Amino acid sequence: MITININGKEIKLEKPVTVFEAAKMNGIEIPHFCHHPMLEKWGGCRMCLVEVEKMPRLQTSCTLSVTDGMVVRTESEEISKARKGVLEFLLINHPLDCPYCDKSGECKLQDFTLQYGAAAGRFIEGKRRHPESFDDPLIVRNMERCILCTRCVRMCSGVQGASALTVTSRGTKSFVEPFSGGRYNCEYCGNCLTVCPVGAIMSGLHRHEFRSWFIERDVKTICSYCGVGCGFVIQVRGNKIIRTLPKPEVGINKGILCAKGRFGYGYVESSQRLVSPMIKRNGRLEPATWDEAFALVGRRLKDIREKHGSEAIAGIASARCTNEENYLFQKLLRAGLKTNNIDSIAAGGFGAAQRYIEEVLGQGATANLISGIPKSEGVLVIGGDPTHVNPVLGIQVREAFRRKASVFTIGYTPGLERFRTHHLYPYPFTEGSLLSSMLAELIRLKTALSGENKEFETKAKEYKGLSLQDAESICNIKSSDISSAVNDLNKLASLSVIIGPDIIQRTDAETNIFLITAIAYLLNARIYLLSERPNVQGAIDMGCVPDALPGGRPVEVDTFRKREEELWGCEIPAKPGIGLLEMIEAADSGSLKALYVMGENPVYNLPDSSFVKASLGKLDLIVVQDIFMTETAEIADVVLPALGWSEKDGTYTNLERRIQRLRKAIEKDGMEDWRILSEVGKRLGLKMQYESSTAILNEIANVSPLHAGLTYDELEKGMDLWPYKGEPLRRKTGAGTLKPDQRWTPADKGKLYLGIQRHMFLSGTMSKQSTALNSIFEEPYVYMSPSLAKRHGLSDGADAEIKTVKGSLVMKVKTDKGLSDNIVLLTNNFRDSGG
Ligand code: SF4
């Protein structure tokens, strides 16, 4: 133990920290500008000066480590004089524009000047002039206010890893500037403006709209965009969100956000929001009352069930709706309509991969903490760029690299270009061949296997993987590079494997999932499945799958079904239902007659939109509840306006399988999805009387053994991690059901492949309605290598026409030297670019 004394208080410390940290841990605040807990220590502002006995001068507490017996004073006449001097220096140039500055009321410089007393200015020279920069659509810079604490620069390079900002010029003329000039050309995380202690870098979204003391409510919630589930507070004035504010103490993201979380909330105010129920009359959707709409939905669903049977009805749940809503959705379908035809976009890719991984490694195998990534000795990334799909998780990979972890990337990962030790870039769609050779090589290197899952080990050993030489000719990667990567992977004591959607949402997904599971098993790795929607895991865990009840219990097992039947007071079908793609086929063939869609847009999000639209067009009834008039809602018979993420209470389960609260912050026209489902349920004769989302969670806690005893209070107390207080499904692990392919066709090297680029600013329905996100990404691009562009007579910004058998698109070219010459990528999820 180290014992020190600060301001007369004896403090015992288990490990050496700085004087600043020791004081903070004991409730003693030391004024500071440049220090920030997430940033590298700098000691540049001199505001945190303290007196230390036996040291001749004042010391910067943020860089001074404690030593046993140290006696520190954080306030004294001498310290006050020094701090006042620092403030006087800063105010030589800092304008006294507090009445005009948006930071007023939450500005550290203002606070400390008030605390230590204003100094009389002794300089007669004019202040530094630097006009406010509005060049950027989202970030306003006022470099006259900059106090050069460099927090923004250190945040950008040391945490975000974007290195988009620098201090430029010399001496008193120094200022912070993006390398790209006036407009930022960066990841738009906005973390620079979070850490700016003054009003030098601010959000342009709410310029001069409010002062800090106008904020009426801080509502602690989580982001609605992706499966990381970052926490922040929504600040509300009147009935309007004025900003989302990350705080170090709120959420797993510890005060950092990505562009979508920071700037993307404006979709809630979109003029395109649905505000009234609509019913199709004479081929047109027309406004109706809620009663009319509910009565019609109830009557038509009952009619279809009587005439065609329950199997003719299906429902698509939502990875954007809450757990409570997804639970009610499957209850409505199972108990009210007697069908297990329930699925969501979560089941393809993420769900299928997780299912296999759990068959081999046990339930909960992907429930791993994101904070574990930077603590690993190695990180293997395959199937997409985590900095694009799940940006805040992606920057943990950068952090791992900074901490000297080996980072292995397979495929196009532009966000990790400067943060990797091994990069294997196979020919398009030959990742399976590469993985196959890696598995074979790994088995060759392993002298002994763990023996934990003998069945799977046998399957992996019997799998005839490709030789390194064959892989080289198929994937176009040197066999020595593959073998060096496998050798290095094999030496790691701890490995995180991050699997993105690109290799698990494909026709060869089965093989890819088997191979990556085998590699992860042999290396005893933690697995992370990237998740593009906020509640992919929740939709699965709540039973929005054709063959499992809430908590992952197979619907075919009588004892599991009995639990629901007793609580719901009705029988539910034992036969598993059909999945999402089968629903589209069934609609096309005519065996499906009605589809209930909650918060999903299959016409846009499933491949081959025109086929999906034509198939759904054959149905007798489509009911859509959503917040926007989506492409699917446009062809619906009844459209019910739901409420969005900021307008309701509930929970999401993130990709760590952590259950987190979202809270209502504002009121809008429409109805919570759970309330809509309750009303429809009542029309179908179900007892669905819920006063609030709390009542639904209570029911979930009774029905689902995995969620047993769960309450919002328990979540608050930290009982938010899988398996909560519940009972996971403990099944014997084995070799699993997937049958990997072993027929490898060499890539056609003369062929040009088409892929999609999942952009970090775009995620579908909501980002399409966010003016802010669209202002930084104004149009979709086709990405290609500079040499490919040159070969086609194209250059950056030129129009390129992309033709496939399904249609054609014209998009502007963006070149990236990180891309191979035989693939072009189209921007995914853009307003008019298709799904
Ligand atoms: Fe939101 Fe995901 Fe970005 Fe976090 S990483 S702020 S959850 S979009």
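Order of listing sets the numbers, starting from 1, for every ligand and every atom in it. It should be emphasised that the depicted structure is a prediction, and the values quoted were computed from it without experimental measurement. What's counted below: heavy atoms across the whole structure, side chains too, no hydrogens, waters or symmetry copies.
Residue A400 comes nearest to I373 through the heavy atom pair CB-O, 3.7 Å, listed as atom of the first residue, atom of the second, then distance.
In this structure, H423 and Y425 have tilted ring planes: the angle between them lies in the 30° to 60° band.
Heavy atoms from other residues, nucleotides or ligands lying under 6.0 Å from CD of E40 number 12 at most.
Looking at heavy atoms from C-beta onward, C223 lies in side-chain contact with F232 at the 4.5 angstrom threshold.
The pair R657-D541 counts as a salt bridge, with a side-chain nitrogen and a carboxylate oxygen less than 4.0 angstrom apart.
If you look at atom 4 (Fe) of ligand 1, the protein N, O or S atoms less than 2.8 Å from it are C230 SG.
Within the structure, the salt bridge (Lys or Arg N to Asp or Glu O under 4.0 Å) test picks out the following pairs touching residues 388-415 (sequence neighbours left out): E187-R398, E399-R402, E399-R403.
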